[in-house]
Amino acid sequence: MDYNLNPNQYEAVLHKEGPLLVFAGAGSGKTRVLTHRMAHLLESGVNPYNILAITFTNKAAREMKERVSILSQEGDRCLVATFHSACVRILRREIERLGYSTRFSIFDATDSERLIKDVVNELNLDEKFYPPKLVASVISTQKNELISVDEFYQISAGDFRMTHIADAYELYQQRLKTMHALDFDDIISRTVEVLEIPEVLEFYQNRFQYIMVDEYQDTNTAQYRFVSMLAGKRQNICAVGDDDQSIYGWRGANIKNILNFQKDFPNARIIKLEQNYRSTQTILDAANNVVGNNINRSEKILWSDKGKGDKITVYMADDDRDEANFIIKTIKSKITKGAKHSDFAILYRTTAQSRTVEDAFVMSGIPYRLYGGTRFYERMEIKDILAYLKILDNPADGISLERIVNVPRRKIGDISISRLKLYASERNISLFEAMQEVESIETMGKSATAQIGNFVQMLRNFIDFSLENTVSALMNKILDETGYIEYLQDGTFEAESRIENIQEFYNKTQEFGESVGEDALSMFLEEVALVSDIDNYEEGADTVSLMTLHSSKGLEFEEVFIVGFEENIFPSYRSLEGGAEKFEEERRLCYVGITRAKQSLYLTHARQRMYHGKIISNAISSFFKEIPEEFYELAHLKKPILSPRGVAKLNRDKKPINPYINKIPAPTDKELTFVVGDRVKHLKYGAGEVLEITPGGADYEVTVKFDRVGVKKIMAFFSKLALENKQD
DNA sequence: AAAGAATGGCTTTTT
DNA sequence: GCCATTCTTT
């Protein structure tokens, strides 16, 4: 077979039995190795049924599956899945052994935080001292580390605060169980629990005889245990990863899993892939130099035969707006020389930084796509509909029930709900069961009793309907009978987009197909819980990509801008305070960012910028000093004189403020650039015509008739209203 | 119960 | 500066 692989890749592909660890540097063809190895196993007679390949994202799983299927006819019969979906598969078969229903619900982070909040209150803990977010994260850490409630009590002995969190952990687990719900962490840790039963373990060890793990550096303790238990018998584990790209330590990823692989699998073969097929040597030299400062790593040096290429461009901007301006100018000029929009990516450390950049793109008219932000299934309206579906699938799911009991409004208020919850917890029954017994709750008001009765009747109706109909028919019925769409409709632009989302979700239920009944509903919900990729990366779209450094992992672009290359931002101030380990992770993030670039890399920083509502000044990133001078040059830009960010005028009548430390009011010493009758553009509302301009306070109130959303009154400077076809 | 005002908080977010 | 959450008001 002619695979066109380099010798190291080839060796990894041919390795069949026994543990194998592949250190795959950025751009070294790791997916290629993984897929070819699978194809090779199949070709040498391994049954596809015995192969398991595990990834972290659905996207990676899909890609791998596609690529294996091209190489081998039997490719798509292998199980290629994310950790979570592989574990859910096992749990659907085995979880009854742990006392859970097979129809368990999956709680996302929002659901579990709500439950934790309830739990904290129920334990009479002050939310100020035990913020649900913090409690959630402590509990999550324990689960990732496979630390049980009992063990956590032991660890916490003597620390009353931790002991209280242990109380919360205990009650939370108890509540999850009565709700037949698993959070994301449970999906892994409960699978490990079930694999501790010898006959179960044996079954899956025989089933999965060859195991491949992608992005091994990102595995947490529970995931590691899952994999090593499965591989325990035959030791046929092939882990592929790059310790230098471990950037999810804060989510429990344990870099020791990759660095100590040899200790855990003593006969492991180790192969390093250091030839990079992506970037110029200059970019790799910069990346190597930066990450080479890390102590805790396995030494490797990326090289490429693509030649030196251009030097890295370092640009010092006056402020964040000038920084954005530099990006726009540079991209525009490259576009005129034949570059495509999709060649460019803008990477930033924090999501908050996207705004300034996005504003500049909106103004410039360059097509862009912003990655991240609120995911589709996390949108309020989608979560509401999902809550309806979830409660029908698993009526014990009190979190979903509570979410929609009064949405749309049906006059079941907070007080009635707390009475129900009290009744339920006193009797250790579910919220839904309590609702069914509403007649016997003495404290309940007459009207509420009637409303709750109606609501229960409606849900029962839905449940009956769900047994014999498709998911999309069910959704239709729910929308219809609850009046959900009308509830959303309030004439705003936002409502319109929510309704569009509902429509999109409805399409999704239709795509799911014609299968009918409770299993169909369960499967649909599972898919939705574990697949977050609906508004996904459109491969063909010719747009600039804007995203965080974290979400850029695994992607590549001809030209990459890393913005906000400043101390306190990147590295973030938290990582500077957090000790060597945190800082090294930050440095790896820098390595990830740099190695996204194929041809050109731009690092930009600003003399001052708006941050948390204040103007701040940061020194250039300490990572900059780790790049030898020979690899970069400083850029100069002929720039137009930007109007200064106005100061002080608004405050003339009020007490004077120090412009350097205080909030900056909207400027009024600026003139409007448009008059009545002009066409203008608004970030959210799009284009429209100016009907009226009224000077008011620090800004101008402008009445605009928008093409899409009708007449609105807008504060001109505040909302950055601008002439429609304004260039730069 | 809903709308409006005040408060606080704030890295990163594969599932 | 922006957002989500909580508090206050009607």
Side-chain angles (χ1 to χ4, degrees), chain A residues 54-61 81-88 106-110 112-113 117 127-128 131-134 137 140 144 182-188 214-215 217-220 222-223 245-253 320 347-356 359 371-375 377-378 380 406 409-416 490 526-533 547-555 564 568-578 582 585-586 588-590 592-593 609-616 645 662-666 718 720:
Chain A
I54 297 189
T55 64
F56 275 86
T57 68
N58 294 295
K59 188 169 164 252
T82 63
F83 271 102
H84 289 82
S85 74
C87 286
V88 165
I106 297 169
F107 277 7
D108 68 11
T110 321
S112 62
E113 225 172 85
K117 199 174 162 178
E127 278 191 41
K128 292 249 154 56
K133 267 205 160 60
L134 176 103
S137 108
S140 172
N144 289 160
L182 301 185
D183 63 20
F184 282 139
D185 302 322
D186 282 337
I187 291 175
I188 314 293
D214 191 17
E215 308 275 18
Q217 77 282 354
D218 289 337
T219 51
N220 64 33
Q223 288 159 336
Q245 292 187 69
S246 167
I247 56 175
Y248 284 104
W250 51 278
R251 292 201 77 209
D320 42 347
L347 310 182
Y348 33 80
R349 177 67 243 261
T350 68
T351 333
Q353 288 168 262
S354 68
R355 194 169 211 97
T356 334
D359 285 357
Y371 294 89
T374 316
R375 274 189 289 281
Y377 290 114
E378 276 161 20
M380 178 265 271
N406 203 29
R409 316 251 113 85
R410 43 178 77 91
K411 297 187 175 158
I412 305 172
D414 291 345
I415 294 172
S416 309
D490 61 3
E526 176 182 322
E527 196 178 300
V528 168
L530 299 179
V531 177
S532 66
D533 290 329
M547 65 184 83
T548 63
L549 285 146
H550 280 87
S551 30
S552 75
K553 198 180 76 172
L555 304 175
N568 297 320
I569 292 182
F570 189 31
S572 81
Y573 67 102
R574 294 252 185 177
S575 71
L576 290 167
E577 293 162 358
K582 281 248 160 73
E585 179 155 317
E586 198 79 1
R588 293 193 289 268
L589 186 59
C590 184
V592 167
R609 73 171 62 238
M610 216 41 160
Y611 205 69
H612 292 333
K614 284 195 217 119
I615 288 182
I616 53 155
R645 243 194 266 267
N662 277 293
K663 297 178 178 182
I664 303 307
F718 178 73
K720 303 196 177 103

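Reminder, nothing fancy here: chain letters follow the sequence lines and each chain counts from 1.
Phosphate contact (OP1/OP2 of B/dT12, side-chain N/O of A/Ser551, threshold under 4.0 Å): absent. A/Arg410 has no side-chain polar atom (N or O) that falls below the 4.0 Å cut-off from OP1 or OP2 of B/dA1. The phosphate of C/dG1 (OP1 or OP2) has no side-chain N or O of A/Arg355 nearer than 4.0 angstrom. In terms of phosphate contacts, A/Tyr573 brings a side-chain nitrogen or oxygen within less than 4.0 Å of OP1 or OP2 of B/dT11.
Judged by distance alone, the side chain of A/Gln223 and the main-chain N or O of A/Asn220 form a donor-acceptor pair under 3.5 Å. Listed for the A/Asp218 side chain is no donor-acceptor partner under 3.5 Å among the backbone atoms of A/Ser246. Although no hydrogens or angles enter the test, the distance criterion places no donor-acceptor pair under 3.5 Å between the side chain of A/Ser572 and the main chain of A/Ile569. A/Asn406 contributes a side-chain N or O that, together with a main-chain N or O of A/Ile412, makes up a donor-acceptor pair within less than 3.5 Å.
For a distance-only test at 3.5 Å, the side chain of A/Arg574 fails to qualify as a donor-acceptor partner of the base of B/dT11.
Atoms CZ (A/Phe83) and P (B/dT15) sit 13 Å apart, rounded to a whole Å. Nucleotide B/dT15 holds its P atom 12 Å from the OH atom of A/Tyr377, rounded to whole Å. Here B/dT12 presents its P atom at 18 Å from CG of A/Asp218, a figure rounded to the nearest Å. Atom-to-atom, CG of A/Leu134 to C1' of C/dT5 comes out at 17 Å; the value is rounded to the nearest Å. We find that OH of A/Tyr611 is positioned 13 Å from C1' of C/dC2, with the value rounded to whole Å. For A/Asn220 and B/dT12, the CG to C1' distance is 17 Å, given to the nearest whole Å. Atom CG of A/Asp108 and atom P of B/dT13 are 16 Å apart (whole Å). In this structure, the CD1 atom of A/Ile106 is 9 Å from the C1' atom of B/dT15, given to the nearest Å.
The residue among A/Phe184 and A/Arg349 whose nearest nucleotide of DNA chain B lies closer to the 5′ end is A/Arg349. Checking A/Lys128 against A/Lys411, the closest nucleotide of DNA chain B that is more toward the 5' end is the one next to A/Lys411.
Considering only the side chain of A/His84, B/dT15 comes nearest among B/dC10, C/dT5, B/dT15. For A/Thr350, the side-chain atoms get nearest to B/dT12 when compared with the rest of B/dT13, C/dG1, B/dT12. The nucleotide whose nearest atom lies closest to any side-chain atom of A/Leu530 is, among C/dT6, B/dT13, B/dT15, B/dT15. Listed nucleotides: B/dT11, B/dT15, B/dT13. Nearest to the side chain of A/Asn58: B/dT15. Candidate nucleotides B/dT15, B/dT11, C/dG1 were compared by shortest atom distance to the side chain of A/Arg251, and B/dT15 ranks first.
Residues A/Arg574 and A/Glu586 are not paired through a salt bridge, judged by the lack of any N-O separation under 4.0 Å between the basic side chain and the carboxylate. Salt bridge status for A/Glu585 with A/Arg588: present, with a side-chain N to carboxylate O gap under 4.0 Å.
If you check B/dT12 for Watson-Crick or wobble pairing at under 3.5 angstrom, you find it has no partner at all. Across all strands shown, the partner of C/dA4 is B/dT7, judged by Watson-Crick or G-U wobble contacts whose two distances both fall under 3.5 Å.
Taking the O4'-C1'-N9-C4 or O4'-C1'-N1-C2 dihedral as appropriate, B/dT11 has a value within 90° of 0 and is therefore syn.
Just one residue in the list A/Leu182, A/Ile187, A/Ile188 forms a side chain to side chain contact (heavy atoms under 4.5 Å, CB included) with A/Val88, and that residue is A/Ile187.
If you check every strand for non-hydrogen atoms under 4.0 Å, A/Glu577 touches nothing. In this structure, A/Lys117 reaches the sugar-phosphate backbone alone: every heavy-atom distance under 4.0 Å involves primed, P, OP1 or OP2 atoms, never a base. Note on A/Thr351: only backbone sugar-phosphate atoms sit closer than 4.0 angstrom, heavy atoms only; bases stay farther off. Looking at heavy-atom distances under 4.0 Å, A/Thr548 makes contact with sugar-phosphate atoms alone, never a base.
B/dT12 has A/Trp250 stacked on its base ring, the centres lying under 5.5 angstrom apart and the planes within 30 degrees of parallel.
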